[in-house]
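These notes are about the structure you will find just below.
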Amino acid sequence: MNDTLSAFAQGKIEALAARSLMRALNPTHRLDGVWVERAGRRLVSFSCNDYLGLTHHPQVKAAAKAAIDAYGAGSGASRLVTGDSPPIAALEKRLARFKGAEAACVFGSGYLANTGVIPTFVGPGDLVLVDELSHACIWAGAKLSGAEVARFRHNDMADLAATLAERRARAGHALVATDGVFSMDGDIAPLDQISRLCVAHDAWLLVDDAHGLGVVAGGAGSTALFPEARVDLAMGTLSKSLGGYGAYVCATQPAVDLMKARARTLVYSTALPPANAAAALAALDVIEGDPERVAAPLAHARRFTAALDLPQAQSPIVPIILGEAETALAAAAELETAGLLVVPIRPPTVPPGTARLRIAFSAGHTAEQVDRLIEAAQPWVDQ
Ligand SMILES: *Cc1c(COP(=O)(O)O)cnc(C)c1O
């Protein structure tokens, strides 16, 4: 037993708790795409990123089981050693076709993709510009690269232009990185304008479409909303609308070849299990064959924002920003009493003073469930 270590942990915990920022795990049995069981209680979840209910889709589950039988439960090694299983190669081909790219590289997770790919293309002497509300793993990848890292104000093109004008000239390469659909706000990056600035300033563009794939632009993702934009690195995950685990980056063939040779999170991490790749392939089949399912989450979100007079939803994610962490905790507790699970989001996941309810709509929700949420959320929107 190490007493200074426990004392350190205890001190940190108490400091977090004093600010209502302590977090702990909540064992959750997801019964299907929408219903969850927590501490023996059944709740309707509006906090899963399983936008299309594919975590529990019979075709997706069957594909995963069949792949386990054919290839085993794990991948056995990193991809460059013996872990490059047939389903991964098939998935890369499929993703490249789906995204209209030359090639794709599959990673173990979204966090691994961004922390691997950014340092593959930029390093010391280079510049990375990041939208301030981008996902934590973009920041982690940018920091890890050793490049100069600068933030620009959220979706603020004047600020991005000014930052590029000020800093681009003295850098070697430059990379602009942004979420396509912002994970905690649900709004969409103006990729056409960002791309124009990148072209004008000789910068590459990385778009993280974890929350766009499968749910916006008929499932094609946020980049498809801006066909004229040049997106050099189109990253997305298999873990949100696809209902599984893993991630990918689409790019040109040489860029993908370099990732496979050099991205440290690919080279030094065990390959995605074959079953996860097979499940993602089956999920893409569902997405391409079931447009009604793909349209449903955004339709629910728009009915919700219309009913509550909120800005029209651009994705299945709708935030109700409440300010202080205590308020978000109180709101979530009240909704839970009504049988609705909306996990409160607090700093550091969101900036200080913007604690919120983050609502994620799913194709599996019924109109009646959305109505119940509208009624229960109303007082918190009005307060
Ligand atoms: C969830 C998420 C990630 C991380 O993906 P994982 O596969 O869960 O590691 C990356 N970027 C964004 C925007 C995300 O929402």
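Treat the numbers as computed from the prediction; the structure is a model and nothing was measured. Whatever order the structure lists them in is the order used to number ligands and atoms, beginning at 1.
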Hey, what else clusters with L43 if you join Ile, Leu, Val, Met, Phe, Trp, Tyr whenever side-chain heavy atoms sit under 4.5 Å?
V36, L341, V343

Members besides L112 in its Ile/Leu/Val/Met/Phe/Trp/Tyr cluster (side-chain heavy atoms under 4.5 Å)
none

Flag the pair F182 / H154 as yes when their ring centroid distance falls below 6.0 Å, and as no otherwise.
yes

Taking V44's backbone N and O only, do any of them form a donor-acceptor pair with R372's side chain (distance below 3.5 Å, no angle check)?
no

Just list the N/O pairs, ligand 1 to protein, that are under 3.5 Å apart, with the distance for each.
from: ligand 1; atom 1: 7 (O); to: G110; atom 2: N; distance (Å): 2.8
from: ligand 1; atom 1: 7 (O); to: S239; atom 2: OG; distance (Å): 3.2
from: ligand 1; atom 1: 9 (O); to: G110; atom 2: N; distance (Å): 3.2
from: ligand 1; atom 1: 9 (O); to: Y111; atom 2: N; distance (Å): 3.0
from: ligand 1; atom 1: 11 (N); to: D208; atom 2: OD1; distance (Å): 3.4
from: ligand 1; atom 1: 11 (N); to: D208; atom 2: OD2; distance (Å): 2.5
from: ligand 1; atom 1: 15 (O); to: H211; atom 2: NE2; distance (Å): 2.5
from: ligand 1; atom 1: 15 (O); to: K240; atom 2: NZ; distance (Å): 2.8

Under 4.0 Å between a side-chain nitrogen and a carboxylate oxygen: does that hold for R153 and D131?
no

Mind checking what makes ring pair (Phe, Tyr, Trp, His ring centres under 6.0 Å) contact with H201, not counting sequence neighbours?
none

